[in-house]
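As structure tokens, the structure follows; a few thoughts come after it.
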Amino acid sequence: MAMITDVPKDSFRLSMLIYDTRYRSLTIQVLVFFLVMAGAAWLVDNAYRNLGALGKDFNFSFLNNRAGYDIPQRLVEYTNDSTHGRALLIGLLNTLLVAVLGCAAATVLGTFVGVLRLSKNWLVGRLMTVFVEVMRNVPLLLWILLIYTVLIEAMPAPNAYKPGPDGVAAWQMQFFHSVAITNRYTAIPDPLFSRSLGDIDIVIFKIGIDFLLIVAVLVGSFFANRALLANAGKVQEATGDRPVTWWKSLLIWFGPIAAVLIALGFHVEYPTLQGFNFTGGLNVSNSFVALWLALTLYTSAYIAEAVRAGILAISKGQSEAAFALGLRPGRTMNLVVLPQAMRVIVPPLISQYLNLTKNSSLAIAVGYLDLRGTLGGITLNQTGRELECVLLMMLIYLAISLTISGVMNIYNSTVKLKER
Amino acid sequence: MADTTTTERAIDRSHMQVSDEVAIQITAMNKWYGTFHVLRDINMTVNRGERIVICGPSGSGKSTLIRCINRLEEHQAGRIVVDGTELTSDLKNIDKVRSEVGMVFQHFNLFPHLTILENCTLAPIWVRKTPKKEANETAMHYLEKVKIPEQANKYPGQLSGGQQQRVAIARSLCMKPRIMLFDEPTSALDPEMIKEVLDTMIELAEEGMTMLCVTHEMGFAQAVANRVIFMDQGQIVEQNEPKEFFNNPQSDRTKLFLSQILGH
Amino acid sequence: MSGMHADSAAFVRDSMLPQKAPPVTEAGAVKWVRENLFSGWFNTTLTILGILAIYWIFSHAWPWFRHGVWVAETIQDCRRIVTERWGEGATGACWAVLRERWTQFVFGFYPNDLYWRPVLAFALLFVAIAPVLFNGLPRKMLWFTLAFPFIAVFLLWGGSVWSILSIIAVFGVAWLAYSVLTPVNGALGIAGAVVLALAYWVFLSGAVADQLQSIIPLGLEPVRSDKFGGFVLSIVIGVACITLSLPFGIVLALGRQSDMFLVKYLSVCFIEFIRGVPLITLLFTASLLLNYFLPPGTNFDIILRVIIMVTLFASAYIAEVIRGGLAALPRGQYEAANALGLDYGLAQRFIILPQALKISIPGIVSSFIGLFKDTTLVVFVGLLDPLKGITDAVRASTDWKGIYWEPYIFVGFLFFLMCFGMSRYSMYLERKLKTDHR
């Protein structure tokens, strides 16, 4: 016993901090800690002294001051009498609007392109390859600027849609006479409710009850449909025969929403030319159209690649095995290929959503007032509070990004394949 | 002569009766990949209960041949009739043949996102329209038969190669097929796992299953096959009973192949 | 005989069948067209839609291209020539703008008579990266690779040759201190090198350079940063940032893989922060905030500030790429390195990093493509990138007011060539690496 406990206990020497594995990592961490703290202190001290020299302080009370500038596109009410904080909110909503619409459109287009690129049709496959390569290898900024410039330079003024003396207009409205693209804005049909339920105030802004009702009905339909499918699954488990569900699904999805829309008096008002401008429809600014379209096209190329890679990642053996068991191609896709491909596709898909959201800050190129345009643009210039504005803007973008990647991590951990 | 991993126990041949009923009839079948002639004038009849081993050098078309039998590959000339159903581009016929013919692949091709049990019940539920409870019972029955019932709720990634291949066999059996195709079932396995898979296949043979097996396991061929077919350059070069085939090969190509594979 | 063998148990083929040509319907162009373009109604519809799309694009774009005017003074000139040649209502490209202004797109406002300097630097860039890309070249060329950054800075910005040499001397001092002090104590060697080099840089190098310059005036005509623009600017920022971000990225990736709690989470925070914010906000930091965080009175070059921020940005992305490479290495490599008695530094240097970097090359190249495309964003902090900065400058002149397709096509085409070239190169590397591993 004594032999073992009597290991010569060498006294602590300074060199052990570096050469002894027990202390080494601690030494390094302490060193790193001090370096980082010293660096941070240096930066803060500099900032403090610089602010002092300029006679500025560091606080966010300017957010309560009157903004005094207009924002053409606003989802909730805002006037130039509103505060800078409110302008920030409008900017944030505009960022989220273009991001959400961009993600939705890019997903649809990207899936389409990715699948077509895999099709056996040689011509279409090549066309899609060209689309993907051209989109990916040219800066996004070029697409935004090009679309914007084409809109404002090559499109006519609204009154070009007015019939001339001979009764024929120089320009005809596009998409079955429902949309008019002009050099100032794009007039699109406006969805309206003749028996609207009005707005409800939720602390910071008002929101249409009609809109909430529609969302609620859609959510309800979603759960009803899930219940229907679960029930079909149960019947199948018990009897072996799966009841036909597609028409019931269609009914569940479209019945209630149609009823609600009719009850609310839903109708579409088409834009019409009144004098020199279109009225009646929604006039969407060209900066929004250009930004949204460019983000959609650019991101869809990346999404197409993700979709293609996901489907290719599932080996041919998987579908062959399903075929050999007698499963039809449609079932094979639903039961074997897609569940596996989704695990490969979703992570890069979400990181493309992240990229799209960050790229929406290029709105600056076309003057669309998003978060960067309001908080990081006009507010910053008016108040001269660069430090606060840029930091706050970074934090907001960071919060959005972390939320998206948090969702991705949750998804990844739920679908991870079990391996030993 | 061959280093046999399979003949440690006596094989029960009582059920291995070959009936006169024709299970598979292939007549003058040809297949091309582009301009490459992979299968040349294949004629072959398999009777119910026959166990056929197909061997040959790689690229000889043996895998392509058995993949034609459940139309994972299309043939371009000649006829293939399986259980009285001719394989054409008619989807109904293809469905019918595929639900009668089971197939085991070299790389198992288990569905990694489903548990072992779900792998086994997927096709019975969706193709045979069996109630889930019954499908589960059948699946457990066959999993017991391949001796891994305790793994039923694990995922394929958690099993060894030999276990995965046995699951793949059980998965095919759950469809109660009348014919089983094996496409090099042991080539992707470590040596110590080959035996467990071959034992399962022997058991299947003992029950009188019609089997077509592409394999280089000559011990297995000697023990259970009643015919060995040697293919080279896309054509059947020689076929015979195992004893004759191994002891008295006729063609030079067969002799060369056997000397290479048996290492003599 | 071939009919017979089916039923008889024994069969031997005495003559092998030759290859036969497939039936006509199964081969050649007919089969290819049928299988690839017209198999089934869906495929046929796709083909027809594809042909219509191609026709639509060509019928619009081709006349415009064909009517293009190469020699003209102004856009009005162009339009007049097109109308004269091709009749009323004809459209035509006005390539004359590129003929007139291409130097601006490439060099920005760099002085005309000094164009040889960026061109020479660009050519030397290839000499410098050649030994990195090709193993067959003599190793001594790597010395040139090391010297290239200084040569490039000297060529591009000009100024006194002594200030560049004086910066090189900083590294000389560090090396000298390290080699003298290391025999005494390893840690002392590193610390001494860092401290002495810093001290020399802060207190001496400027004075030394000025002194030498006043004795032997030697140098090139200086060019201010605001003269930089166009592709020269994009390439300078792109190459500088990717080179600088590689070492930072490696350190961050190793930090993130580290067992040390503090090091690991500092790296994670840095990487996630940078990847979570748009590049534009970092560029604004460079142009608006950096002055707040530096000692009062410091004011340095905007290109340098942009390079610093873009480097930080790129290094976070590179770190993630390299982390992927490190994760892809089999555990056995680490264990083997440890078993050989290599310490952490040696193991990383000789075993782990060479392999991880090799796996990461395709990812690094695609980061570089992304970075290169992102260099166009510097326009938002007032630098003249080729895409918006220069194009707006050209469009602002009365001669070329209202022109847009031609400059965008030109700049887009150049970007496409470079990015597509690099992406093909990385795909080639990927394929090569795959075969190497087998």
Side-chain angles (χ1 to χ4, degrees), chain A residues 18 25-26 28-30 32-33 36 42-44 46-47 49-51 53 116 119-127 133-134 136-143 145-146 149-150 153-154 354 357-362 364-365 372 376 380 386-387 390-391 393-395 397-402 405, chain C residues 32 35-37 39 43 46-47 49-51 53-54 186-187 258-263 266 272-273 275-282 284-285 288-289 291-296 298 369 372-377 379-380 385 387-388 391 402 404-405 408 411-413 415-420 423:
Chain A
I18 296 173
S25 92
L26 200 69
I28 296 177
Q29 295 198 56
V30 168
V32 167
F33 180 75
V36 169
W42 185 68
L43 292 177
V44 170
N46 282 336
R49 284 196 290 161
N50 280 318
L51 284 171
L116 281 185
S119 85
K120 282 189 191 137
N121 191 306
W122 180 86
L123 184 73
V124 172
R126 288 301 149 101
L127 275 178
E133 292 296 351
V134 168
R136 288 201 308 172
N137 287 308
V138 173
L140 169 63
L141 185 59
L142 185 133
W143 298 119
L145 289 173
L146 184 64
T149 321
V150 167
E153 299 261 356
L354 197 63
T357 310
K358 285 189 286 174
N359 282 337
S360 72
S361 59
L362 291 184
I364 184 179
R372 206 225 55 85
L380 183 150
E386 294 102 346
L387 203 57
V390 174
L391 285 181
M393 181 166 70
M394 280 185 168
L395 280 181
Y397 275 115
L398 192 62
I400 299 175
S401 301
L402 290 181
S405 48
Chain C
W32 186 89
E35 276 201 348
N36 292 294
L37 297 177
S39 64
N43 216 342
L46 280 184
T47 306
L49 285 179
I51 290 171
I54 294 173
S258 162
D259 298 328
M260 290 178 259
F261 177 84
L262 196 67
V263 173
L266 278 174
E272 292 304 323
F273 172 74
R275 283 160 52 91
V277 299
L279 177 57
I280 283 194
T281 60
L282 292 175
F284 274 113
T285 310
L288 297 173
L289 297 196
N291 279 346
Y292 280 108
F293 289 114
L294 295 173
T298 335
I369 295 175
F372 188 56
K373 287 190 291 179
D374 281 345
T375 56
T376 51
L377 303 194
V379 69
F380 299 121
D385 81 305
L387 179 52
K388 186 169 159 69
T391 304
Y404 52 100
W405 277 111
Y408 286 142
V411 175
F413 181 70
F415 266 106
F416 180 82
L417 273 190
M418 290 185 247
C419 296
F420 187 69
S423 79

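Model, not experiment: these values are computed from the prediction. Below, chains carry the letters A, B, ... as their sequence lines are ordered, and counting in each starts from 1.
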Counting heavy-atom pairs under 4.5 Å to chain A, which of [options] comes out on top?
options                                : result
C/Gly50, C/Pro295, C/Gly402            : C/Pro295
C/Pro278, C/Cys419, C/Gly412, C/Ser423 : C/Pro278
C/Leu49, C/Thr285, C/Asn43, C/Thr391   : C/Asn43
C/Ile369, C/Val263, C/Leu377           : C/Leu377
C/Tyr292, C/Phe273, C/Phe415           : C/Tyr292

Interatomic distance, C/Phe284 atom CZ to C/Leu279 atom CG [nearest 0.5 angstrom]
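Here the interatomic distance stands at 10.5 Å.
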Return the CG to CG distance between C/Leu387 and A/Leu141, rounded to the nearest 0.5 Å.
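Going from the CG atom of C/Leu387 to the CG atom of A/Leu141 covers 4.5 Å.
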Would you mind checking which part of [X] comes under 4.5 Å of any heavy atom in chain C, side chain (CB onward), backbone (N, CA, C, O), both or neither?
X        : value
A/Met393 : side chain
A/Ala365 : both
A/Leu127 : side chain
A/Leu140 : neither

By salt bridge (charged side-chain N to carboxylate O under 4.0 Å, His left out), which residues pair with A/Arg136, not counting sequence neighbours?
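For A/Arg136, the residues satisfying salt bridge (charged side-chain N to carboxylate O under 4.0 Å, His left out) (neighbours in sequence not counted) are A/Glu133.
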Among [options], single out the residue with the greatest number of heavy-atom pairs under 4.5 Å to chain C.
options                               : result
A/Leu146, A/Val32, A/Leu391           : A/Leu146
A/Asn359, A/Val44, A/Leu387           : A/Leu387
A/Val36, A/Leu362, A/Leu402           : A/Leu362
A/Val138, A/Asn121, A/Leu43, A/Leu123 : A/Asn121

Quick one: do the C/Thr376 and C/Asp385 side chains pair a donor with an acceptor below 3.5 Å?
no
Do you know which two heavy atoms are closest between A/Val124 and C/Thr47, and how far apart they sit?
CG2-N, 4.4 Å
